[in-house]
Number of protein chains: 2
Amino acid sequence: MDQLSATFAALADPTRRAILARLTEGPATVKELSEPFDISGPAISKHLRVLEKAGLITRGREAQWRPCQLDATPLQEVAVWAENYRRFWDASYTRLDALLTEMKEKEQ
Amino acid sequence: MDQLSATFAALADPTRRAILARLTEGPATVKELSEPFDISGPAISKHLRVLEKAGLITRGREAQWRPCQLDATPLQEVAVWAENYRRFWDASYTRLDALLTEMKEKEQ
DNA sequence: AGGTTAGATAACCAAGTGGTTAGGTACGAG
DNA sequence: CTCGTACCTAACCACTTGGTTATCTAACCT
């Protein structure tokens, strides 16, 4: 699976997006991250592994804790990808764009 | 499934992203969309249904054709979501941000 | 050494995904 | 009316996903 697909797949789950949101406030342990959700520890571990494989978090180790930290670089790729569609975001802009194309063609 | 999750899930597949890219050049029929890929028609139909449910395409009907058109509005939501992480995209900015926070705290 | 806490791994399950083939519907052309 | 084309639905398959419980390791604290 390519990088962009892995990132999108990781972001498709609300729990994982919530984890990322939490990590914007600073590093956290697995326990801390699991607290807002009423799912089991192993379920959180799986989510974290998905995020790690997508390169969205990095993990250290301090004694018995395995602190998670946000790494948002893959999100830049997402933002850039989405920006390429900006011209299509609203119909009026599309219509304007069509008009401009038409004008260019007439010029030639 | 919420809107944002559906959008991310739809974007997680490279075939579907390629279909969206093709649709930036204008509407296309299912047949036209399927040509670049060597997968069966039904497989393409399924991809299109996913894109339609995510609100990324709209479909009309002209005789025996069912033309697809891009609707990029959900991508705006994606771009906005990703933009919220801009401050975390590179470490230097994060360090700068930490420094500013520290300075603010000292001021108080 | 023994107990507690943090966390990972393994085995399992239901549901979803991406693909297939086979067969059905709707429309235009001869 | 019949034939070909465009497309969809249905049924099936292998694989993945998001969850569970049970069991393990590692580190800390008495």
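Quick note on labels: first sequence line is chain A, next is B, and so on, each numbered from 1.
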May I ask you to list the residues of residues 6-15 of chain B, by number, that have any heavy atom positioned under 4.0 Å from an atom of DNA chain D? none
Reading DNA chain D 5' to 3', which nucleotide is the first, and which the last, to come under 4.0 Å of any heavy atom in chain A? D:dG18 to D:dC28
For DNA chain C, which residues in residues 16-35 of chain A have a heavy atom at a distance below 4.0 Å? A:T29, A:V30, A:K31
How would you list, by chain and number, every residue that makes a side chain to side chain contact (heavy atoms under 4.5 Å, CB included) with A:E52, sequence neighbours excluded? A:I57, A:R59
Can you confirm whether B:T24 sits close enough to B:L70 that some side-chain heavy atom of one is under 4.5 Å from a side-chain heavy atom of the other? yes
Non-neighbouring partners of A:T73 that pass side chain to side chain donor-acceptor pair (under 3.5 Å), sequence neighbours left out: A:D71
Those residues at least two apart in sequence (or on a different chain) that pass side chain to side chain donor-acceptor pair (under 3.5 Å) with A:E83 are A:R86
Show the atom names and distances, to 0.1 Å, of all donor-acceptor pairs under 3.5 Å that link a side chain in residues 5-13 of chain B to residues at least two apart or in another chain.
from	atom 1	to	atom 2	distance (Å)
B:S5	OG	A:A12	O	3.4
B:S5	OG	A:R17	NH1	3.1
B:S5	OG	A:R17	NH2	3.1
B:S5	OG	B:D2	OD1	2.5
B:S5	OG	B:D2	OD2	3.3
B:T7	OG1	B:Q3	O	2.9
B:T7	OG1	B:Q3	NE2	3.0
B:D13	OD1	B:T15	N	2.8
B:D13	OD1	B:T15	OG1	3.4
B:D13	OD1	B:R16	N	3.3

Which distance, rounded to the nearest 0.5 Å, do you find between the SG of A:C68 and the NE2 of A:H47? 13.0 Å
Counterpart residues, side chain to side chain contact (heavy atoms under 4.5 Å, CB included), relative to B:K53 (two or more places apart): none
Pull out every residue in residues 44-72 of chain B that has a heavy atom closer than 4.0 Å to any atom of DNA chain C, ordered by number, or say none. B:K46, B:H47, B:A63, B:Q64
Okay, side chain of B:E77, backbone of B:P74: is any donor-acceptor separation there less than 3.5 Å? no
The salt bridge (Lys or Arg N to Asp or Glu O under 4.0 Å) partners of B:R66 (sequence neighbours excluded) come to none
Please examine the side chains of A:E62 and A:P67, heavy atoms only from C-beta on, and report whether any two atoms are closer than 4.5 Å. yes
With B:A18, which residues qualify under side chain to side chain contact (heavy atoms under 4.5 Å, CB included), at least two apart? B:F37
Kindly write out the residues that satisfy side chain to side chain contact (heavy atoms under 4.5 Å, CB included) with A:A21, not counting sequence neighbours, or none if the list is empty. B:Y85
